[in-house]
Amino acid sequence: MRPACAEPSYSSAGSRTRCSSSCVSNGGTRTTETIRLAESEPLDLDATLGCGQAFRWRRDGGRWEGVVDGRCIRLSQRGGLLHYSGSDEPFVRHYLALDLDLDRLLAAIDRDPVIEAAIDRSRGLRVLRQPLFECLLSFLCATNTNIPAVQSRVEAIAGVWGEPAVGDENVRAFPSSTALRHATEDDFRACRLGYRAPYARSAVTAICSDPSWEGELSAVPHDEARARLMALPGIGPKAADCILLYALGHLDAFPIDVWIRRILARHYLPDLDTGTLSPSRYEAARSFGRDRFGAHAGYAQVYLFNARDLLCRD
DNA sequence: CAGGTC
DNA sequence: CCTGG
């Protein structure tokens, strides 16, 4: 049960647009409803859920199943029809950022042939609006590892401390920081966090020690939020930039992971090619991204990342 | 080795 | 560095 003050604003009346219509099409225990996407609401659901920005989505045939905010949600897309169950339209629209004028945004970041190729590759890919704490712990789990391993850790954490999800009791919600308050380092090791276990434990303690931490982080400006994130153990510049982009809505955040580094080195910054990515080199790459792509550089980052096979091959 | 961090 | 894919 969540306190009323934690209710995000997406549920406010008036968030629906005239362009959408929905209808009940299934008489089971779960009802599947449909959002009719307008021409001005491009969406590539597969790219959005599969690109590695969130870790609790699984493709089951043509359908995606995931857990967000304690609810088991299923999504599928056929052209301009977006089918959903386990949630309501305002939430789905908010989570998928369907209110964002993507065409206008993509036009704004489309500044050279490289990014243009990336945009052509997966137009309709959107940056999700993820719950903060889950996103934070997920990227703390994501250092020096691969995506399947991160998924496995996140699932394990939910399996131990998460409450049964609404819509499917066999699935677990991702726990709040409070629910993890008494989790020990060994508990996190048992979730296969390895050397990240003490970081996770300390980060949870730090967050729990200040009940207003999460709320303030959402209210504070980009640079201040970044500094507060990086003050947590296990959260460096890369993880912080991912959290800023995926959970805090700072669309100018530009995380530098190994793939973005390769792409920048190959097409923009030859000097970035070799050696360790020191903090100052990280900053140089990051500010290059923000300067080149502007206020929505984070979208450019996601599109470049999703086109990494295209942009890194010789 | 893998979408870094201390 | 932990450790799984």
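All chains are named by letter (A, B, ...) in the order of the sequence lines, taking the proteins before the strands, and each is independently numbered beginning at 1. Computed from a predicted model, the values in this text were never measured in an experiment.
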Practice prompt. Using distance alone, with no hydrogens and no angle criterion, decide if A:His222 and A:Asp252 have a side-chain donor and acceptor under 3.5 Å apart.
Written response: yes
Rounded to whole Å, CE of A:Met230 lies from C1' of B:dG4 at a distance of 11 Å
Practice item. Scan A:Ala239 against the nucleic acid and name what it touches under 4.0 Å (heavy atoms): base, sugar-phosphate only, or nothing. Key: sugar-phosphate
In numerical order, the residues of residues 292-311 of chain A whose heavy atoms come under 4.0 Å of DNA chain B are A:Phe305
Rounded to whole Å, the CH2-C1' distance (A:Trp259 to B:dA2) equals 10 Å
Note to self: Quick one, A:Thr184 with A:Asp186, criterion side-chain hydrogen bond (donor to acceptor under 3.5 Å, both in side chains). Give me CA distance, side-chain angles, the key distance, then yes/no.
What the structure shows: CA-CA 5 Å; A:Thr184 67; A:Asp186 280 345; 5.5 Å; no
So what does A:Gly236 hit on the nucleic acid, given a heavy-atom distance under 4.0 Å: a base, only sugar-phosphate, or nothing? sugar-phosphate
Encoded 5' to 3' (Watson-Crick or G-U under 3.5 Å; [ ] crossing; | other strand), DNA chain C becomes |.||.
note: A:Leu264, atom CG; B:dG3, atom P; distance rounded to Å ~ 17 Å
Contacts of A:Tyr246 and A:Leu232 projected onto DNA chain B by closest heavy atom; the upstream (5') one is A:Tyr246
Separation of B:dG4 atom P from A:Leu229 atom CG, nearest Å, is 18 Å
Under a 4.0 Å heavy-atom cutoff, the residues of residues 276-284 of chain A touching DNA chain C are none
Which part of the nucleic acid, if any, lies within reach of A:Pro255 when heavy atoms closer than 4.0 Å are counted: base, sugar-phosphate only, or nothing?
-> nothing
Next on the checklist: Taking donor-acceptor contacts at under 3.5 Å, does the side chain of A:Arg196 reach the base of C:dC2?
Outcome noted: yes
In this structure, is the centre-to-centre distance between the rings of A:Tyr303 and A:Phe293 below 6.0 Å?
no
Polar side chain donor-acceptor pair, A:His83 to A:Thr32, under 3.5 angstrom
no
Practice task
Please work out if A:Arg189 contacts a base, only the sugar-phosphate, or nothing of the nucleic acid, heavy-atom cut-off 4.0 Å.
Solution key: nothing
* Is a donor on one side and an acceptor on the other found under 3.5 Å between the side chain of A:Arg196 and the backbone of A:Leu193? -> yes
Members sharing A:Val67's hydrophobic cluster, built from side-chain contacts under 4.5 Å between Ile, Leu, Val, Met, Phe, Trp and Tyr, are A:Val171
Sorted by chain and number, sequence neighbours left out, ring-ring contact (aromatic ring centres under 6.0 Å, His included) with A:Phe188 holds for A:Trp161
Between A:Ser85 and A:Arg30, is the side-chain hydrogen bond (donor to acceptor under 3.5 Å, both in side chains) condition met? List the steps. CA-CA 7 Å; A:Ser85 68; A:Arg30 289 176 78 93; 3.1 Å; yes
Does A:Arg74 reach the main-chain N or O of A:Trp64 with its side chain, forming a donor-acceptor pair under 3.5 Å?
-> no
- Answer with yes or no whether the side chains of A:Arg181 and A:Ser177 bring together a donor and an acceptor at under 3.5 Å. no
**Prompt:** When you measure from the side chain of A:Arg126 to the backbone N and O of A:Pro42, does any donor-acceptor pair fall under 3.5 Å?
**Reply:** yes
Less than 4.5 Å apart, any side-chain heavy atom of A:Tyr84 and any of A:Thr34?
no
Between CD1 of A:Ile235 and P of B:dT5 the distance, given in whole Å, is 8 Å
A:Arg262 atom CZ is separated from B:dG3 atom P, nearest whole Å, by 8 Å
note: A:Leu193, atom CG; C:dG4, atom P; distance rounded to Å ~ 11 Å
| query | With distance as the sole criterion, do the side chain of A:Tyr199 and the base of B:dG4 form a donor-acceptor contact below 3.5 Å? | reply | no
Ordered by number, residues from residues 118-153 of chain A within less than 4.0 Å of DNA chain B (heavy atoms) are A:Thr143, A:Asn144, A:Thr145, A:Asn146, A:Ile147
A:Ile256 CD1 to B:dG4 P, in whole Å, measures 12 Å
Q. Going by heavy atoms in the side chains, are A:Glu65 and A:Ile73 under 4.5 Å from each other?
A. no
- Query: Are side-chain N/O atoms of A:Tyr95 and A:Asp69 paired as donor and acceptor at under 3.5 Å?
  - Reply: no
- Item | No-hydrogen, no-angle side-chain donor-acceptor test under 3.5 Å, A:Tyr246 and A:Asp241 | no
